[in-house]
Amino acid sequence: MPTTTGALPVADAAEIPTSLAANSTTLPVDTAPVRTSSSTLGTLSPVAFVVNTDDTEVGAPTDPDIAALDKGGKLADQLAEMHAQAAREAAENARIDAIVANGGLDGWIAEALRIMEMPQSYAPSVKKIIMAESGGNPRAINNWDSNAARGTPSEGLMQTIPSTFRKFVHPSLAGRSITDPVANITAGVRYMVATYGIGTLASGGRSNHLGQYIGY
């Protein structure tokens, strides 16, 4: 055995290939047949990745955000209109209250229209009819026409006969007398609308071809 001191012995160069050849072995060759896939999944396609090219800024409102804002805006507009409508109605009621409080023909007409839930815009037409029928006197009685001859004279502001008054007076005023100004107006107006239509009331009663009032 050589000693471990000093330089290691150098192997003979001629011996190296011989040693390698002597110790080499032949690797076995895999002769197994190439296996084919029996998978039933079929051919896999490459995954497609969609890149969002939208240039919308991060944090910008989306469609749902815009829809919510739009809905909120509409609700705010509707609420504002409701408040405005309530204010208009309050002002109109105050105006009618003042007319009624002042009394007289205008007050009676305003109250009658309110009870019938009809627009106050009909007031001038109703007043025109009343002035033609009774001159604005709630106790006026017609003692000379055909109704009077039958024993049922026309009475009140709108000159209604008792049977017409009872049939057409507003239900809430049914307990009042025929000469009650407000009750008489409701009876006359309701009869005119039922018989001749709202247009006749709006035009201030019936008239002839010359435009002269001829009653109802």
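Along the sequence shown, the residues carry numbers beginning at 1. Values below: all heavy atoms of this structure, side chains included; hydrogens, waters and symmetry mates excluded.
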Participant: Is there a side-chain contact between Val169 and Arg176 (heavy atoms, below 4.5 Å)?
Facilitator: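 No. Closest side-chain heavy atoms not under 4.5 Å.
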Participant: Nearest heavy-atom pair of Val100 and Ala110: which atoms, and what distance?
Facilitator: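 In this case the closest contact between Val100 and Ala110 is CG2-CB, 4.2 Å.
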Participant: For residues 196-210, which residue pairs pass the side chain to side chain donor-acceptor pair (under 3.5 Å) check, not counting sequence neighbours?
Facilitator: Asn208-Gln212
Participant: Do the non-hydrogen side-chain atoms of Asn142 and Glu133 ever get within less than 4.5 Å of each other?
Facilitator: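 A side-chain contact under 4.5 Å is absent here.
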Participant: How long is the span from the OG1 atom in Thr160 to the CZ atom in Arg166, to the nearest 0.5 Å?
Facilitator: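 If we round to the nearest 0.5 Å, Thr160:OG1 and Arg166:CZ are 10.0 Å apart.
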Participant: Locate the shortest heavy-atom distance separating Trp108 from Pro181; write the atom from each residue and the value.
Facilitator: CD2-CB, 3.4 Å
Participant: I'd like to check Lys127 versus Ile130 (side-chain heavy atoms, cut-off strictly below 4.5 Å). Are they in contact?
Facilitator: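 SC-SC contact between Lys127 and Ile130 ruled out.
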Participant: State plainly whether the residues Arg114 and Asp97 are in salt-bridge range, i.e. N to O under 4.0 Å.
Facilitator: yes
Participant: Give a yes or no on whether Glu117 atom CD has more than 12 heavy-atom contacts from other residues, nucleotides or ligands under 6.0 Å away.
Facilitator: no
Participant: Take Leu157 and Ile129, measure what side-chain contact (heavy atoms from CB on, under 4.5 Å) needs, and give me the verdict at the end.
Facilitator: CA-CA 9 Å; Leu157 290 174; Ile129 295 167; over 6 Å; no
Participant: State, yes or no, whether a side-chain contact exists between Met116 and His170 at a heavy-atom distance under 4.5 Å.
Facilitator: yes
Participant: How many angstroms lie between atom CG of Asn137 and atom CD of Gln159, to the nearest 0.5 angstrom?
Facilitator: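 That separation rounds to 9.0 Å.
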Participant: Looking only at non-hydrogen atoms, find the nearest pair between Ser134 and Ala140 and report the distance.
Facilitator: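 What the structure gives for the nearest pair is CB-CB, 3.9 Å.
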Participant: Cluster question for you: counting only ILVMFWY and a side-chain heavy-atom cut-off of under 4.5 Å, with indirect links fine, are Leu113 and Leu173 together?
Facilitator: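 Same cluster.
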Participant: Look only at the side chain of Asn184 and the backbone of Glu155, and say whether a donor-acceptor pair between them is shorter than 3.5 Å.
Facilitator: yes
Participant: Check ring-ring contact (aromatic ring centres under 6.0 Å, His included) between Tyr216 and all other residues, then give those that pass, not counting sequence neighbours.
Facilitator: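 If we apply the ring-ring contact (aromatic ring centres under 6.0 Å, His included) test to Tyr216, skipping adjacent residues, the hits are Tyr191.
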Participant: Shared ILVMFWY cluster between Tyr122 and Ile185, side chains joined below 4.5 angstrom?
Facilitator: yes
Participant: With the 4.5 Å side-chain cut-off for hydrophobic clustering, are Ile99 and Ile109 part of the same group?
Facilitator: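 In one cluster: no.
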Participant: Taking atom OG1 of Thr164 and atom NZ of Lys167, what is their separation to the nearest 0.5 Å?
Facilitator: 8.0 Å
Participant: What do you reckon, is CZ of Arg139 surrounded by more than 12 foreign heavy atoms closer than 6.0 Å?
Facilitator: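 It does not: Arg139 CZ has 12 such atoms or fewer within range.
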Participant: Would a 4.5 Å heavy-atom cut-off, applied to side chains only, mark Thr186 and Met158 as touching?
Facilitator: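 No, too far: nothing below the 4.5 Å cut-off.
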Participant: Going by heavy atoms in the side chains, are Pro153 and Ile161 under 4.5 Å from each other?
Facilitator: no
Participant: Where the side chain of Thr179 meets the backbone of Pro138, is there a donor-acceptor pair that is under 3.5 Å apart?
Facilitator: no
Participant: Indicate yes or no: at least one non-hydrogen side-chain atom of Ser154 is less than 4.5 angstrom from one of Asp145.
Facilitator: yes
Participant: Please list, chain by chain and in numerical order, all residues satisfying side-chain contact (heavy atoms from CB on, under 4.5 Å) with Glu92, sequence neighbours excluded.
Facilitator: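 In terms of side-chain contact (heavy atoms from CB on, under 4.5 Å), with neighbours along the sequence ignored, Glu92 is linked to Arg95, Ile96, Gln120.
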Participant: Which atom names give the shortest non-hydrogen contact between Ala187 and Phe165, and what distance separates them?
Facilitator: CB-CD1, 3.7 Å
Participant: For Gln85 and Glu89, what are the C-alpha separation, side-chain angles and deciding distance, and is it a side-chain hydrogen bond (donor to acceptor under 3.5 Å, both in side chains)?
Facilitator: CA-CA 6 Å; Gln85 180 63 26; Glu89 290 177 357; 3.1 Å; yes
